Structures are given as C-alpha cells and as structure tokens.
Amino acid sequence: MDKNKFYITTTLAYVNADPHIGFAREIVQADVLARFHRSIGDEVFFNTGTDEHGLKIFRKAQELEIDVQKYCDEKAENFKKLKGMLNLTFDSFIRTTDEHHVKAAQEFWKICDKKGDIYKKLYKVKYCVGCELEKTESELVDGKCPLHPNMEIEIISEENYFFRFSRYQEKLLKLYEENPNFVLPKKRMNEIRSFVEMGLEDFSISRLKNKMPWGVPVPGDDEQVMYVWFDALVDYVSTLGWPGDTEKFEKFWPGYQLCGKDNLRQQAAMWQAMLMSAGLPNSKQVFVNGFITSKGEKMSKSLGNVINPQDMVVKFGVDGTRYLLLSSGTFGEDSDLNWEGMVEKYNADLANGLGNLLSRVIKLSEKIDAGIAPKARPLESKGLAFGDFGEFFGKLELSQSLEYIWKIIQDNNKYIEENKPWELTHNHPEKFQKIMEKLLNDLSSISQLLESFMPETSEKIKKALETKQAIALFPRIK
RNA sequence: CGCGGGGUGGAGCAGUCUGGCAGCUCGCGUGGCUCAUAACCACGAGGUCCCGGGUUCAAAUCCCGGCCCCGCAACCA
C-alpha cells in the first residue's frame, strides 16, 4: 500500500434507477477507507460518479418523453445527494457526460486504435421481430425468443468496432500471477483467472449511431458511438484529469477500485486490458463485494423488497445506516439486510452496546467530579493491538474492524460489572478514580477508532467526554 | 458435460485455502446487578457441520461420487 498517496474509487452508478443499497454500501466503504487514510496522514483522492450513456438510459428518457441529458441531470442529482445523506467525503463526482470525460474517452480510444487494438468487423445480431429487440444467446430458448416462440430469430449484420481483448490473455495472466491479491476476495481472483485462462474473445466497443445515438462519438467515424462500457471505465483516469492534467494523474494513479461481483470481468479483466493497450499502469487492487439480499431473496422492484438508503437514514440516522451497511456479513459474500434484522442489530449494538456504555460511564463520572480529562490515546501508541485493526482495512474486512471495536465495548461493560465503581464513591475515592480513568480513556479510544466509520458519533463521544454531559447516542427503536 | 455461489444448534453467519476439543451475534431459560437507553454481567439448554464413500492417529476442513437451494434476462452493485 502506498504510504503517502491513496486513490480510491467506486464504480460509477448507472443512472437508469435511483441509488441502490448495494451502491450505497460500496460508496460508504470507500468513504471509510478514504477517511482512514486521511487520518493516518495519507494524501487521498476519492472518486465516484455516474455512468450516463447507453441504450437503457436512452430508452428510459424516451419512455418518459424527456430530453436525455435532462433526464441524466436529474438522476445525477439523486446520486450527488448521497454525499449529505450518508456524510461522504468524495473529492470528485464525475459524470460520463462531462465534457472533459468525453474527450478523455476519445483520447483513450485513439491511443488503443494507434496501438492496433481496435478494428472494425461485421457483427451478427440476433433479432426478434416480435419484440423488436436484439437478443443475446442466453436469452434464447432452443434458438427462439421465449416470448415469441413461433417466430424465427433474424440474423442482422452490422459493422462495429472491436477491441482486441484476445491479445491480452497472457499479459493479464501475468498481472494476476505477479499480484496474487490483485483481486480480493481470493475466490474472485480465482474466478477471473480461470475466466481469462479459458480464452478471451474480442468484444464490441461501439454501436451504430442511428440505432442508439446516446454515447460518446467514435473519433473519426460519424456513424458510430462508443459502447457504454468502453467510455465508462475510462472515468477512473479521466477523473484525475487524464490526459491533460498529468500532475494529479501521476500523483494518484494507479488506485484501488471497489465493485460488485457482477462487475468482476469489466473491472478486473476488460479495464486492465484497456489500460495495457493505452500503455497506462494497471489498477492497484480491485475489491469485489457480494450482493445484498433481503430475507434470502434478491432485491427487486417486482418483489417489492427493495430497501433504499434514504429510508434507512430516516429510521437509523446517518451513522446508524453506515454501521448497518458496513457490519452486515463478510466481505465478498452475499449478505442479507431486512428491516427486522436491522432493528435488532441497531438496538443490540448501537443502543444497548455503544450508546448505553457511554451513558453509564458518563453518569458514573458525575458521582465524583474527579477532574479527569480523558486522554485520547493516539492510534499508533494505543495498547489495543492496532495492527490487527489496520490490517482489516487492507483487506476491506470492515465488519471485522467493527467487531474488534465492539469487543472493546463488551470488555468495558464486563470491567464495570467486575469492579462495581458505584460502590466505591464514598469509601474508596482513589480506587474509583482509577477505574474511571480507564473507562474514560477506553471510550476516548473507541471514539477514535470509530472516526472513519461513524464520524458524527465519534465526535459526539468526544464531546460528551469533555463536557461530561450524558447524551443518548442511539435511542432504542421499536 | 456453460459459469459461479451456497447447504454448520430456533434465526442469521464465521470457521474450510494452511486438518487438531464446533465458534460468534440474535433469540430462549435461570441467576446476579441497580451506574446505565427495561440497558449490563454470569451460567445454561439447543448441532447427524446436506448425504455416501475415501485419505489420515485425527475431517466441517483434503479427495471422489451424489442430492438440494440460489444467482448468471429485466430494475441493480
């Protein structure tokens, strides 16, 4: 891990829907890493943004009968709002319709083209006249459209540009071999490696403009626009000012990327091959999240079980939401979120755990005004095995970092029980003071450890320790 | 033989890579405490680790075979 510079980016959110909870988790994870690295003195660049091109978006806007750019503008605002809603600290919010990005994508294309990695070829499209739609192989049942089984699928030929993905098989395998942790968790690394080992096919990177005009124009060809993936991936470098502003780019690239498991191929293989083609360094590492299910089912509008981040914030507050998003499940595995479970966890960990510990300690400290000023032990000298804690960050095992903090909370509750400080106030004031010192110092440390995860809560704890004013951090929820 | 994930006390999960008394949270039961947000602490009940073979002194973990569930089309990370 770079000592002084830290660049972290989420994937770009596709604007054909409102902010999804999976994306919310991803961006909160990125925020925690960004805050953490700032706290240890690194220079940080934290990127996120929106992916706005492509057929789906074009159609959606048509459906709503509004201008496509206007549609994107409105949707992008919804995503920008996450900043305040979830208390995020991203430095850059890039939109793939930004003029600078469009230019960067075109420049990227030109470089790959010069390298000989882009060529034109006839592309056979399977078309169902019944649906008036192109169909992929996986959509067909016995070679026919399941919705129109008595109609023949038509084969239409169209000329598209292709990227010579196949040329990068060896290089990608070498990249993986030299960086065994290039993708985390390990099983995703294995998955992408075996995918590449099976052989790569060149993929199409353009569309005919007269069928789908909503894309970045292909340089030197008026009839084609870029396929959305090709331009979207370039955002990771265009956001750093590439190709014009080399200063920021040189400083921060390569960086760390977060994505969901459905994005593995694009981020860990396609994008890496594109970087190789353009002669740019590969990403540093790709963290791949699992999906969030709800009661074991995929969240979907049709099932009506979608949990959106805004509703969570209303119910649990900003930090409550951040905590719930970060603490559920194991990094890389699918995890489950549902309202009952979340209320339970909120009450157990935040209200009864952290919140209650703070109030009992503050109340105890009122018994004798011993004038104790809790010392915020600096992270590095903390006697709390900080090494383990920091290591979890490197592996994105943030739920484990949190468990580590909650272990301290539990220990403190135990400590209070064992020492019964409330019995000591009259006859053993010195003993009482010693005990309170330990409790107040530990809380101070907890507030520090929590800083990246729950910034407001961390601040509130600090303040409560200074003013000795008891506050209900997290009121119980029924 | 398309690709991948999963099956561990009532619920949700960790542990599997690198074999060594089966662990965590919630819930449940009993007791304790009264500083605290009806919070906290202790103890306890509850498990054929999907099934069948194999390797081994030893298997949830490694090997072989099988069963079942869920993704890979749409909203979506």
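Basis for what follows: all heavy atoms, side chains included, without hydrogens, waters or symmetry-related copies. None of these values were measured; they are calculated from a predicted model. Per chain, numbering begins at 1; letters A, B, ... match sequence-line order.
- Across all strands shown, nothing is found opposite B/A39 as a Watson-Crick or G-U wobble partner with both distances under 3.5 Å.
- For A/His20, taking side-chain heavy atoms from C-beta onward, the closest of the listed nucleotides B/C75, B/A77, B/C35 is B/A77.
- For the pair A/Ser359 and B/U37, the criterion of a side-chain N or O lying under 4.0 Å from OP1 or OP2 is not met.
- Between A/Lys261 atom NZ and B/C70 atom C1' there is a gap of 9 Å when expressed in whole angstrom units.
- No side-chain donor from either of A/His101 and A/Asp235 sits under 3.5 Å from a side-chain acceptor of the other.
- The distance between atom CZ of A/Phe287 and atom P of B/A77, rounded to the nearest whole Å, is 20 Å.
- For the pair A/Gln267 and A/Gln272, the tightest heavy-atom approach, listed with the atom from each and the gap, is O-NE2, 2.9 Å.
- Of the residues in residues 177-194 of chain A, A/Lys187, A/Arg188, A/Glu191 come within less than 4.0 Å of RNA chain B through at least one heavy atom, sorted by number.
- Considering only the side chain of A/Glu333, B/G6 comes nearest among B/A74, B/G6, B/U37.
- Distance, A/Tyr14 OH to B/A77 P: 10 Å, rounded to whole Å.
- Annotation: B/G4 and B/C41 have their C1' atoms spaced 45 Å apart (nearest Å).
- For B/C40, the OP1/OP2 oxygens have no side-chain nitrogen or oxygen of A/Gln410 closer than 4.0 Å.
- For A/Phe23, whose side chain is taken as the heavy atoms from C-beta onward, the closest listed nucleotide among B/C26, B/C40, B/A77 is B/A77.
- Projected onto RNA chain B by closest heavy-atom contact, A/Glu344 and A/Asn263 fall at different nucleotides, the more 5' of which corresponds to A/Glu344.
- A salt bridge does not link A/Lys315 to A/Asp311: none of the charged nitrogens lies less than 4.0 Å from a carboxylate oxygen.
- Side chains of A/Gln29 and A/Asn289: a donor-acceptor N/O pair is present below 3.5 angstrom, by distance only.
- Positionally, the nearest nucleotide of RNA chain B for A/Leu354 lies more toward the 5' end than for the other of A/Gly260 and A/Leu354.
- Nucleotide B/G71 forms a Watson-Crick or G-U wobble pair with B/C3, both donor-acceptor distances falling under 3.5 Å.
- Taking atom CH2 of A/Trp406 as the reference point, atom P of B/C26 lies 13 Å away to the nearest angstrom.
- With both pairing distances under 3.5 Å, B/G23 is matched to B/C13 as a Watson-Crick or G-U wobble pair.
- Nucleic acid contact class of A/Gly341 (heavy atoms, under 4.0 Å, all strands): none.
- Atoms NZ (A/Lys60) and P (B/A74) sit 13 Å apart, rounded to a whole Å.
- Nucleotides B/C35 and B/U30 are separated by 24 Å at their C1' atoms, to the nearest Å.
- A donor-acceptor contact closer than 3.5 angstrom is absent between the side chains of A/Ser327 and A/Ser399.
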Below 3.5 Å is the cut-off: list the nitrogen or oxygen pairs between protein and nucleotides 29-34 of chain B, distance only.
{"residue": "B/G32", "atom": "N2", "partner": "A/Glu417", "partner atom": "OE2", "Å": "3.4"}

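- Side-chain N/O atoms of A/Asp349 and A/Tyr323 include a donor and acceptor closer than 3.5 Å.
- Looking only at atom types and distance, the side chain of A/Thr293 has a donor-acceptor partner in the side chain of A/Asp336 under 3.5 Å away.
- Considering A/Thr11, A/Val15, A/Ile57, A/Val228 as possible partners of A/Asp51, the one that fulfils the side chain to side chain contact (heavy atoms under 4.5 Å, CB included) test is A/Val228.
- One atom, CD1 of A/Ile57, and another, C1' of B/C75, lie 13 Å apart when rounded to the nearest Å.
- The base-pairing partner of B/U48, taking Watson-Crick or G-U wobble contacts with both distances under 3.5 Å, does not exist among the strands shown.
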Can I get a per-line list of side-chain donor-acceptor pairs under 3.5 Å for residues 469-478 of chain A, giving both atom names and the distance, sequence neighbours left out?
{"residue": "A/Arg476", "atom": "NH1", "partner": "A/Asn352", "partner atom": "OD1", "Å": "2.6"}

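- Within the 4.0 angstrom heavy-atom criterion, no nucleotide atom of any strand lies near A/Gly353.
- For B/A77, neither phosphate oxygen OP1 nor OP2 lies less than 4.0 angstrom from any side-chain nitrogen or oxygen of A/Arg25.
- Judged purely by distance below 3.5 Å, without hydrogens or angles, the side chains of A/Arg25 and A/Ser335 pair a donor atom with an acceptor atom.
- Checked by atom type, the side-chain pair A/Thr97/A/Glu52 shows a donor-acceptor distance below 3.5 Å.
- A/Phe291 has its CZ atom 15 Å from the C1' atom of B/G6, to the nearest Å.
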